[in-house]
Protein chains: 2
Amino acid sequence: MELSPEKNAKVFKAFCDEKRLAILELLRSGEKCACVLLDDLDMGQSGLSYHMKILCESGIVESRQEGKWTHYKISDQGSREALLLLKAITTPNAAANDKGCCSK
Amino acid sequence: MELSPEKNAKVFKAFCDEKRLAILELLRSGEKCACVLLDDLDMGQSGLSYHMKILCESGIVESRQEGKWTHYKISDQGSREALLLLKAITTPNAAANDKGCCSK
DNA sequence: ATTTCATATTGACATTTTTTGATTTGGCGC
DNA sequence: GCGCCAAATCAAAAAATGTCAATATGAAAT
C-alpha cells in the first residue's frame, strides 16, 4: 500500500460526494453494468462516467470490460486498503508528545 | 451512529484535503493548541480555523477551550465511527443480486 | 473599562470540482 | 467498409471549495 498525502486524499475523495456514495451503495449488491447504474441513478451518461473514473482511480472500484459494456464492482483490495489507511490516519502514534504550549 | 448520504459525505470530507491530512498527522501525536498547529503548518490563522471547523464538524476532531486557547485532538469515538462507516459502505450486503443486465 | 491576544467570521477572489451537451472512440454485427 | 451502440472525452457553464486580508468576538490581564 502506497502512502502520500496526495494519494491518501484521492482515496477518500471517493467517499465525500453524495453521488458517489449512491453509486457505491448500488455496487454493494454486486457487480453492475454502467447501463444499470445509469437508470437507477439520477444522472446523465457523461456524469456517471466522470464519477466512475474517480471511483476507479481511488482504487475503491474495479471495472471489467465485456464487449462494449463496462461492469463495475467494489474492489475488495481497495476497500481493505482504504480501511487500513483510515485506521492509520486516525490512530495516535506511539510517542504521544504532550509537550506543553502556550500557557499550559 | 447516524446515517445519511449527506452526513456520510461530510465525515469523509475531513480526509480528502491534503492540508487537513497534515493537521490530522500532527494531532496523531496528541492534543495540540491551535498556535502550535499554526507554526508547524504552512497556513495562515484564518485558514487553519476554516479547516479546524470542517474537521470538528466531521466528528473526527474534538476541541477544548482553555481560556483563550483552543486545543484540538483526534476524537476517539469519531474515528471509531468513521471506521465503521467506511466498512459499512464498502462491504457487500447480504443479498448479492447478480441479476443480469445488457447482454449478460 | 480598556487593552491585548487567540481564534472565529466575513467578503472578495482564485482554484477546483461538478454538471451538461456535443463529439469521439472503440467494439460488435451486418 | 458502414452503421450502431456503450462509454469516454472534451469544452463551456455552474457550483462548491479553499485562500487571503480585514474585521469581529470573547476571554484574560491590567
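Letters A, B, ... mirror the listed sequences (proteins, then strands); counts begin at 1.
Each of B:Q45 and B:H51 was matched to the nucleotide of DNA chain D holding its nearest heavy atom; the match closer to the 5' end belongs to B:H51. Judged by closest nucleotide on DNA chain C, A:R20 is the one of A:G67 and A:R20 placed further toward the 5' end.
By the 4.0 Å N-to-carboxylate-O rule, B:R64 lies close enough to B:E31 to be salt-bridged with it. B:R80 has a carboxylate O that lies under 4.0 Å from a charged side-chain N of B:D76, or vice versa, which qualifies the two as a salt bridge.
Put simply, CE on B:M43 is 14 Å from P on D:dA21, counting in whole angstrom units. Distance NZ (A:K19) to C1' (C:dT17): 12 Å, rounded to an integer number of Å. In this structure, B:L21 atom CG and D:dG18 atom P are separated by 12 Å, rounded to whole Å. Following rounding to the nearest Å, A:L38 (CG) and D:dA8 (C1') show an atom-to-atom distance of 13 Å. As rounded to whole Å, 12 Å separates atom P of C:dT7 from atom CZ of B:R64. Across the protein-nucleic acid pair, A:Q65 atom CD and D:dA7 atom C1' stand 8 Å apart, rounded to whole Å. Residue A:D42 contributes atom CG, which lies 8 Å from atom P of C:dT20 at whole-angstrom precision. The distance from atom CE of B:M52 to atom P of C:dT9 is 13 Å, rounded to the nearest whole Å.
Between A:K53 and D:dT9, a side-chain N or O to OP1/OP2 separation shorter than 4.0 Å is present. Dashed line: the shortest gap from a side-chain N or O of B:K68 to OP1 or OP2 of D:dA29 is not under 4.0 Å.
The CD1 atom of B:I74 sits 9.0 Å away from atom CG of B:L55, with the distance rounded to the nearest 0.5 Å.
Counting non-hydrogen atoms under 4.0 angstrom, B:I54 reaches the backbone sugars and phosphates but no base. A:G44 comes within 4.0 angstrom of no nucleic acid atom, judged by non-hydrogen atoms across all strands. Nucleic acid contact class of B:S49 (heavy atoms, under 4.0 Å, all strands): base.
The nearest pair of heavy atoms linking B:M43 to B:H51 is SD-CD2, 3.9 Å. Here the shortest heavy-atom pairing between A:S29 and B:N93 reads CA-OD1, 3.4 Å.
The base of D:dA7 has none of its N or O atoms less than 3.5 Å from a complementary donor or acceptor on the side chain of A:S46.
Closest to the side chain of A:K13, out of D:dG18, C:dT17, C:dT7, is C:dT17.
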